[in-house]
Undergrad: 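Quick one: structure below, then a few questions.
Within every chain, numbering begins at 1; the chains are lettered A, B, ... in the order of the sequence lines, protein sequences first and strands thereafter. Model, not experiment: these values are computed from the prediction.
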2 protein chains.
Amino acid sequence: MRIGEFAVRAGVSPRALRYYEQQGLLAARREANGYRAYEESDLRLVAEIRDLLAAGFTLEDTRPFVACLRAGHDSGAVCPDSVTVARRRLAEIDGEIRTLLTRRAEISAQLARACGGCAPGPAGRRPFDEGITR
Amino acid sequence: MRIGEFAVRAGVSPRALRYYEQQGLLAARREANGYRAYEESDLRLVAEIRDLLAAGFTLEDTRPFVACLRAGHDSGAVCPDSVTVARRRLAEIDGEIRTLLTRRAEISAQLARACGGCAPGPAGRRPFDEGITR
DNA sequence: CTTGACCTTGACGCCGGTGTCAGGGCTTAG
DNA sequence: CTAAGCCCTGACACCGGCGTCAAGGTCAAG
């Protein structure tokens, strides 16, 4: 199937697909006239890429996952390289969360200091101030 | 004092100071020859900007805080506009934290599914998996 | 006078994942 | 033949907060 239809079915733009190809993921076969031809199985690869991007991985990071699927595994995460990347990302996320919690506390304190009672907010009251492990 | 010395004392680059000025924060007086001349009090303004940037605010967001200090307040956060911005940022942070926690859980689950025992990680054991309010 | 340390403005580069346009080819229906 | 609707490649735009270089002015020390 050609890029237009494939893009719709994969839920991405043709531009994104060409970009993935340019980055060395998702190589499409070519028709005689030069048009890209995608296989059904490529849908799975794109889905993996999208999932990972949505999870905050870079496109670069998706490489081992895609390769893992291409190698015939049911999950893109079962290969050693994928695991390495996933663990690194997990550590990054933990760092980001810690940073955000610190910032949240600082801003919250600022608000409390600045105008006392008007601080917390309307709907969600103190979502993370308590109950944090460490 | 001129931009070079001021930059050192403020702990930022001259480039950053010119950028802040270009964005309409931190207007410096000019000497006869066109050189920028900063006051001691400007150090406080730059400090406020840096603190806020470090806390994840955009430069745009710092505007009301700086204006608040210029208006003579001891804290940049006591003015209504600052409070509004701070609360918005607080809500953004909460959203980001929730997003990250979700992602963390997904990746963590992926790892567990993919290779069972090899998942958690070496040093920090399950930093956020437990003890989350909601 | 010259050197050199400072200052000025203006403009391009970066990073990532696209959106979007330009300029052109293929193919099918009317 | 032509219009229309696909497809192709290449390249610029974006966002934010600067880094960095270019080309040139200022001023004090030697």
Undergrad: Nearest whole angstrom, please: distance from the P of dG17(C) to the CG of L52(A).
TA: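 From L52(A) CG to dG17(C) P: 12 Å.
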Undergrad: Quickly work out the E21(B) CD to dT8(C) C1' distance and round it to whole Å.
TA: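 Checked: the CD to C1' distance equals 11 Å.
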Undergrad: Would you confirm whether R44(A), through its side chain, and D74(A), through its main-chain N or O, come within 3.5 Å as a donor-acceptor pair?
TA: yes
Undergrad: More 5' along DNA chain C: A16(A) or G4(B), using each one's nearest nucleotide?
TA: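 Looking at DNA chain C, the more 5' nearest nucleotide goes with G4(B).
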Undergrad: So, under a plain 3.5 Å distance rule, would you say the side chain of R18(B) forms a donor-acceptor pair with the base of dT9(C)?
TA: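 Under the 3.5 Å cut-off, the side chain and the base do not form any donor-acceptor pair.
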Undergrad: Once you round it to whole Å, what is the distance between P of dT18(C) and CD1 of I3(A)?
TA: 13 Å
Undergrad: Please give, in whole Å, the distance from dC7(C) P to E31(B) CD?
TA: 9 Å
Undergrad: Let me know the distance between CD1 of I49(A) and P of dG17(C), rounded to the nearest Å.
TA: 11 Å
Undergrad: Could you state the interatomic distance from CZ (R88(A)) to CD1 (I107(B)), rounded to the nearest 0.5 Å?
TA: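 Rounded to the nearest 0.5 Å, the CZ-CD1 separation comes to 10.0 Å.
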Undergrad: Using heavy-atom distances to pick each residue's nearest nucleotide on DNA chain D, tell me which of Y19(B) and P14(A) is more 5'.
TA: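 Final value for this comparison: P14(A).
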Undergrad: So which one's nearest nucleotide on DNA chain D is more toward 5', N33(B) or R50(B)?
TA: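 Nearer the 5' end of the strand: R50(B).
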Undergrad: Under the ring-ring contact (aromatic ring centres under 6.0 Å, His included) rule, what pairs show up with a residue in residues 35-66 of chain A, not counting sequence neighbours?
TA: F6(A)-Y38(A), F57(A)-F65(A)
Undergrad: Of the options dG19(C), dT18(C), dA11(C), whose atoms approach the side-chain atoms of S13(A) most closely?
TA: dG19(C)
Undergrad: Rounded to the nearest 0.5 Å, how far apart are CG of L69(A) and CD of E48(A)?
TA: 4.5 Å
Undergrad: With hydrogens left out and only the distance checked, is there a donor-acceptor pair under 3.5 Å joining Y20(A)'s side chain and the base of dG17(C)?
TA: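 By the distance-only test, no, there is no pair.
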Undergrad: Out of dG17(C), dG25(C), dT9(C), which has the shortest distance to the side chain of R30(B)?
TA: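 For R30(B), the side-chain atoms sit closest to dT9(C).
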Undergrad: Return the value, rounded to whole Å, for the distance between atom CG of L25(A) and atom C1' of dG16(C).
TA: 14 Å
Undergrad: Out of curiosity, L111(A) CG to L90(B) CG, how far, rounded to the nearest 0.5 Å?
TA: 6.5 Å
Undergrad: To the closest 0.5 Å, what do you measure between CG (D61(A)) and CZ (R63(A))?
TA: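 The distance works out to 10.0 Å.
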Undergrad: Just how far, in rounded Å, is P of dG10(C) from CD of Q22(B)?
TA: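 Distance check: Q22(B) CD to dG10(C) P gives 9 Å.
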Undergrad: Return the value, rounded to whole Å, for the distance between atom OH of Y35(B) and atom P of dA5(C).
TA: 14 Å
Undergrad: Reading DNA chain D in the 5' to 3' direction, which nucleotide is the first one with an atom under 4.0 Å from a heavy atom of chain B, and which is the last?
TA: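 It runs dG17(D) to dC27(D).
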Undergrad: Looking at R15(B), does any N or O in its side chain come under 4.0 Å of the phosphate oxygens OP1/OP2 on dG10(C)?
TA: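 Indeed not, no polar side-chain atom of R15(B) lies that close.
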Undergrad: What distance separates L26(A) CG from L17(A) CG, expressed to the nearest 0.5 Å?
TA: 6.5 Å
